[in-house]
Amino acid sequence: MSALSIKNLWKEYGDQIVLENVSIEIESRAFVALVGPSGCGKSTFLRLLLGQERQTKGEILLDGLALPKEPGPDRGVVFQRYSVFPHLTVLGNVMLGKELKASRVAARLFGAVKRAVEDEARAMIAAVGLAGSEDKYPAQLSGGMQQRLALAQALIMRPKVLLLDEPFGALDPGIRAEIHTLMKKLWHEAPMTVVMVTHDMREAFTLATRVVAFERPRDRPEEKLRYGATITRDIAIWPTRKAGEASLFRPDRDGPVSSQGQ
Ligand SMILES: Nc1ncnc2c1ncn2[C@@H]1O[C@H](COP(=O)(O)OP(=O)(O)O)[C@@H](O)[C@H]1O
Ligand SMILES: [Mg+2]
């Protein structure tokens, strides 16, 4: 079964058509990179997948079921900036999602449950390379570390779908390369499907299993509001990259941790 099934999706804001008849099947465990000119509706598309916005027309199914009306723990998100809470420590940020989920039942986490969540949060913080920074605040972290924190915060909820909106766009090239390695490792290890918006083609080809381009097919300025963007290209990466499996040509750099000898 496909993880995400998007059928004839339209999104309009008032008179402006942003997305026009977008249909795509995204298989479970895919890593889709979404590219396209600025303003063509990529972030809007992610917000629809997240459940932060409702489509004007069309259908979004997650594992065969219509998306719930609100964002839920099955979908995690990381933005280019400001995904984390500045007033909470690294540990507090990573624990928060679990605490909020628990607080629907009990007011807060207690005793053994709280310790288990804390242990899990510490393990996740270590997994993204932030061990030792548990008590720091986001403002005390570099941009790259903040994005690692945002990933940990999303991943601790074990989302089925991870949505990334230009998450590494503001990072320096060296830091970016490091976080790409981490991102690949996380995708290989966690049972999730990833949809990532990027303006960097190199990044798209480094990480994705599939690169999808959004464009307005009829881009005349005077008609800008009348036609939305849709999928104009859908490229499968070669050689095939598969979650949990070492790549044919670069097993050292592209594969699950076990094959990286770590
Ligand atoms: N909440 C909103 N209300 C009205 N228009 C919006 C809203 N969000 C986005 N838009 C418009 O939708 C278009 C696509 O925006 P966006 O999805 O942010 O593009 P991208 O992420 O591809 O740069 C833009 O023209 C933007 O002005
Ligand atoms: Mg955007």
Side-chain angles (χ1 to χ4, degrees), residues 2-62 66-67 71 75-81 83 147 161-171 173 176 180 183-184 187 192-241:
S2 116
L4 279 166
S5 177
I6 289 129
K7 291 179 189 159
N8 309 110
L9 191 72
W10 292 72
K11 179 65 186 173
E12 297 164 18
Y13 289 113
D15 293 339
Q16 183 188 6
I17 302 175
V18 177
L19 295 175
E20 174 173 332
N21 209 18
V22 173
S23 295
I24 182 174
E25 297 288 322
I26 299 178
E27 62 285 9
S28 179
R29 303 289 324 258
F31 193 130
V32 175
L34 219 64
V35 300
S38 170
C40 79
K42 303 178 299 296
S43 294
T44 301
F45 183 67
L46 282 198
R47 285 200 303 273
L48 292 170
L49 296 186
L50 185 63
Q52 233 175 34
E53 300 247 10
R54 292 297 286 176
Q55 61 267 33
T56 310
K57 274 187 279 184
E59 202 174 46
I60 305 175
L61 304 178
L62 176 57
L67 276 190
R75 283 150 292 150
V77 67
V78 175
F79 301 107
Q80 185 171 25
R81 288 204 178 95
S83 291
Q147 292 310 74
V161 181
L162 181 65
L163 304 167
L164 305 170
D165 199 350
E166 306 196 20
F168 315 130
L171 305 178
R176 225 194 237 216
H180 283 165
M183 191 60 238
K184 253 188 212 173
W187 170 69
M192 61 184 177
T193 305
V194 179
V195 182
M196 175 185 73
V197 172
T198 177
H199 57 255
D200 178 354
M201 270 296 180
R202 232 186 122 90
E203 176 168 276
F205 286 114
T206 302
L207 294 176
T209 57
R210 190 172 166 189
V211 178
V212 171
F214 273 42
E215 255 170 306
R216 274 195 207 92
R218 296 151 292 197
D219 204 2
R220 304 227 300 267
E222 69 276 17
E223 294 180 339
K224 211 152 194 154
L225 300 182
R226 291 182 39 216
Y227 299 107
T230 196
I231 294 173
T232 53
R233 239 165 267 187
D234 189 346
I235 305 162
I237 296 288
W238 188 91
T240 314
R241 196 173 271 147

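- Contact check for L49 versus V77: no side-chain heavy atoms found under the 4.5 Å cut-off.
- Taking both residues in full, the closest heavy atoms of A3 and T193 are given as CB-OG1, 3.6 Å, listed atom of the first, atom of the second, then distance.
- T44 and K11 make their closest contact through CG2-CG, 3.6 Å (heavy atoms, listed as atom of the first residue, atom of the second, distance).
- Interatomic distance, R241 CZ to K184 NZ, rounded to the nearest 0.5 Å: 4.5 Å.
- Heavy atoms from other residues, nucleotides or ligands lying under 6.0 Å from CZ of R202 number 12 at most.
- Looking at heavy atoms from C-beta onward, I26 lies out of side-chain contact with V161 at the 4.5 angstrom threshold.
- A side-chain donor-acceptor contact under 3.5 Å links Q55 to the backbone of G58.
- A heavy-atom distance below 4.5 Å is not found between the side chains of S38 and H199.
- In this structure, W10 CH2 and I17 CD1 are separated by 5.5 Å, a value rounded to the nearest 0.5 Å.
- Nearest approach of S23 to N8, heavy atoms of both residues: OG-N, 2.8 Å.
- With hydrogens and angles disregarded, a donor-acceptor distance shorter than 3.5 Å links the side chain of R176 to the backbone of F168.
- Qualifying side chain to side chain contact (heavy atoms under 4.5 Å, CB included) partners for L67, counting only residues two or more places apart in sequence or in other chains: I60, L62, R75.
- Contact of the D234 side chain with the R210 side chain is registered, since non-hydrogen atoms from C-beta on lie closer than 4.5 Å.
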Could you walk me through whether T198 and E203 pass the side chain to side chain donor-acceptor pair (under 3.5 Å) check?
CA-CA 7 Å; T198 177; E203 176 168 276; 2.8 Å; yes
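- For the atom pair E20 CD and R216 CZ, the distance stands at 10.0 Å (nearest 0.5 Å).
- Side-chain polar atoms of D165 and S43 form a donor-acceptor pair below 3.5 angstrom.
- With rounding to the nearest 0.5 Å, the separation of CG in N21 from CD1 in I6 is 12.5 Å.
- L19 CG to T230 OG1: the interatomic distance, rounded to the nearest 0.5 Å, is 8.0 Å.
- The shortest non-hydrogen separation linking C40 to A229 is O-CB, 3.1 Å.
- The shortest non-hydrogen separation linking A170 to R81 is CB-NH2, 3.5 Å.
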Checking Q80 against V197 for the side chain to side chain contact (heavy atoms under 4.5 Å, CB included) test, could you report, in this order, the C-alpha distance in whole Å, the side-chain angles of both residues, the deciding distance, and whether it holds?
CA-CA 10 Å; Q80 185 171 25; V197 172; over 6 Å; no
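- The shortest side-chain heavy-atom distance between E215 and P37 falls under the 4.5 Å cut-off.
- A heavy-atom distance below 4.5 Å is found between the side chains of Q147 and V78.
- Residues satisfying the ring-ring contact (aromatic ring centres under 6.0 Å, His included) criterion with F79, sequence neighbours excluded, are absent altogether.
- Using a 4.5 Å cut-off on side-chain heavy atoms (C-beta onward), K7 and L61 make contact.
- Residues F45 and L9 form a side-chain contact, since some pair of their non-hydrogen atoms from C-beta on lies under 4.5 Å apart.
- For the atom pair L4 CG and L163 CG, the distance stands at 8.0 Å (nearest 0.5 Å).
- The ring-ring contact (aromatic ring centres under 6.0 Å, His included) analysis of residues 20-42, with sequence neighbours excluded, yields the pairs F31-W187.
- Looking at K42, its side chain does come within 3.5 Å of a backbone N or O of G36 through a donor-acceptor pair.
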